[in-house]
Amino acid sequence: MTKKRALISWSGGKDSCLALQKAIENDIKIVALVSVMDEAESFTKSNGVSKEILTEQAKQLNLPLVTVSTSWEQYEKNLLQTLIEAKKRYLADCCVFGDIDIEAHRKFEKDISKKAGLKAILPLWGQERKKLAYKIIESKIKAKISVIRTSVMSEKYLGAEYTEKIFPYLIKNNIDLLGENGEFHSLVYSSYLFKKEIPLSKNRIYSVKDCKAIIFNIKKSKN
């Protein structure tokens with residue numbers, strides 16, 4: 001039986017990494033990462049992950065990285081064109097997404113995949129958020145909190161490790177454990193699929209509307 005060949009929507013964060021792991025466990029062959037960047041192609045649109053880190057993640061996963069720079073206004077148009085081109089280049093027949101239970105997101109992903117001639121696969125869909133949060137930890141995915149919404153979350157957690165140690169704070173403050181309501185986003189630096197852990201160093205912090213993001217670079221070796 002021929003394996004499904006899939007692109008994966010890759011933010012550089014924990015949810016997309018868990019979706020990647022689940023897809024591979026379900027015998028789906030991932031053929032490329034697809035990341036949507038800001039207009040300058042410096043950071044991913046949602047997670048604030050730099051091009052340098054994305055490139056290193058792709059290297060550790062031994063997968064090609066496809067990026068598309070776009071404004072929010074041109075998001076659908078530019079992503080569709082990128083999926084069409086990536087489908088042809090990597091002979092893909094489906095696309096994996098990391099969404100869990102927001103129906104509007106699933107509808108968008110199914111629609112745009114169909115337009116590109118792909119089938120949308122959501123390996124995390126319908127699962128309980130709390131269980132998935134603990135599954136991320138159990139699956140040995142290591143991530144840093146890269147973006148927070150300052151109106152709901154303390155700035156001291158910006159750049160913090162995403163572990164179960166922060167769950168009591170999140171629960172106490174009615175913050176989703178996965179940040180699915182936009183409370184925070186993350187950057188993955190290690191997974192059992194990575195050849196080795198990516199060493200990180202903090203670069204700078206910047207603000208966008210009611211959010212703050214921390215830019216990470218690859219920590220240079222002293223040797």
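Numbers here are sequence positions counted from 1. All of these numbers come straight from a predicted model, not from anything done at the bench. Values below: all heavy atoms of this structure, side chains included; hydrogens, waters and symmetry mates excluded.
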So the salt bridge (Lys or Arg N to Asp or Glu O under 4.0 Å) pairs with at least one residue in residues 148-175 (sequence neighbours excluded) are Lys144-Glu161, Arg149-Asp210, Glu155-Lys212

Look up atom SG in Cys211 and atom CD1 in Ile148, then write down how far apart they are to the nearest 0.5 Å. 8.5 Å

Side-chain heavy atoms of Lys4 within contact of Lys119, under 4.5 Å: yes

With side chains defined as the heavy atoms from C-beta onward, is the minimum distance between Leu83 and Cys95 less than 4.5 Å? yes

Of all residues at least two apart in sequence or in a different chain, which pass the side-chain contact (heavy atoms from CB on, under 4.5 Å) check with Glu52? Ser50, Asn217, Ile218, Lys220

Does the plane of the ring in Phe167 sit parallel, tilted or perpendicular to the ring in Tyr134? Use 30° and 60° as the thresholds. perpendicular

Taking side-chain hydrogen bond (donor to acceptor under 3.5 Å, both in side chains) as the test, write out the residues that go with Glu180, two or more places apart. none

CG of Asn62 to CG of Leu193: how many Å apart, nearest 0.5 Å? 11.5 Å

In short, Phe184 meets Leu178 closest at the heavy-atom pair CZ-C, 3.6 Å

Could you measure the distance from the CD1 atom of Ile30 to the CH2 atom of Trp10? Nearest 0.5 Å is fine. 10.0 Å

Taking all non-hydrogen atoms of both residues into account, name the closest pair between Gly48 and Ile215 and its distance. O-CD1, 3.9 Å

Could you list who else is in Trp125's hydrophobic cluster, with ILVMFWY side chains joined at under 4.5 Å, directly or through other members? Phe97, Leu122

Can you name the residues that form a ring-ring contact (aromatic ring centres under 6.0 Å, His included) with Tyr169, not counting sequence neighbours? Tyr157

Are Leu187 and Leu200 packed together at the side-chain level, in the sense that at least one heavy-atom pair is separated by less than 4.5 angstrom? yes

side-chain contact (heavy atoms from CB on, under 4.5 Å) partners of Lys202, counting only residues at least two apart: Ile214, Phe216

Ile136 vs Asp15 side-chain heavy atoms within contact, under 4.5 Å: yes

How about Leu177 and Ile171: do any of their side-chain heavy atoms sit closer than 4.5 Å? yes

If I compare all heavy atoms of Leu65 with all of Ser35, which pair ends up nearest, and what's the gap? CD1-OG, 3.6 Å

Is the shortest heavy-atom distance from the side chain of Leu158 to the side chain of Thr150 under 4.5 Å? no

Check whether Gln57 reaches the backbone of Gly12 with its side chain - one donor and one acceptor, N or O, closer than 3.5 Å. yes

Contacts of Tyr90 that satisfy ring-ring contact (aromatic ring centres under 6.0 Å, His included) - sequence neighbours left out: none

In terms of hydrophobic clusters joined by side-chain contacts under 4.5 Å, are Leu118 and Leu91 together? no

Provide the full list of salt bridge (Lys or Arg N to Asp or Glu O under 4.0 Å) pairs with a residue in residues 88-107, sequence neighbours left out, each pair given once. Asp101-Arg129, Glu103-Arg106, Lys107-Asp111

Provide the closest heavy-atom pair for Ala19 versus Ile8 in the form atom of the first, atom of the second, distance. C-CD1, 4.3 Å

Contacts of type side-chain hydrogen bond (donor to acceptor under 3.5 Å, both in side chains), residue Ser16, not counting sequence neighbours: Ser11

Report yes or no: do Ser9 and Glu109 form a side-chain donor-acceptor pair below 3.5 Å? no

Interatomic distance, CD1@Ile100 vs NZ@Lys131, rounded to 0.5 Å, equals 13.5 Å

Straight-line distance of Trp72 CH2 to Asn78 CG, nearest 0.5 Å: 12.0 Å

In Å, rounded to the nearest 0.5 Å, how long is the span from SG of Cys94 to CG of Leu7? 8.0 Å

According to a 4.5 Å side-chain heavy-atom criterion applied to Ile, Leu, Val, Met, Phe, Trp and Tyr, with indirect links allowed, do Phe194 and Ile53 form part of one hydrophobic cluster? yes

According to salt bridge (Lys or Arg N to Asp or Glu O under 4.0 Å), does anything in residues 53-75 pair up with another residue at least two apart or in another chain? List the pairs. none

Which residues share a side-chain hydrogen bond (donor to acceptor under 3.5 Å, both in side chains) with Glu85, sequence neighbours left out: Gln81

Does some side-chain heavy atom of Thr70 sit less than 4.5 Å from a side-chain heavy atom of Thr82? no

How close do Glu183 and Met153 get, heavy atom to heavy atom, and via which atoms? O-SD, 4.0 Å

Which heavy atom of Leu170 sits nearest to which heavy atom of Asp176, and what is that distance? CD1-O, 4.3 Å

Test item: Ser186 side-chain N/O and Ala143 main-chain N/O as donor-acceptor pair under 3.5 Å: no

Can you name the side-chain hydrogen bond (donor to acceptor under 3.5 Å, both in side chains) partners of Asp27, sequence neighbours left out? Lys3

Measuring only between side-chain heavy atoms, which start at C-beta, is Lys135 closer than 4.5 Å to Gln21? no

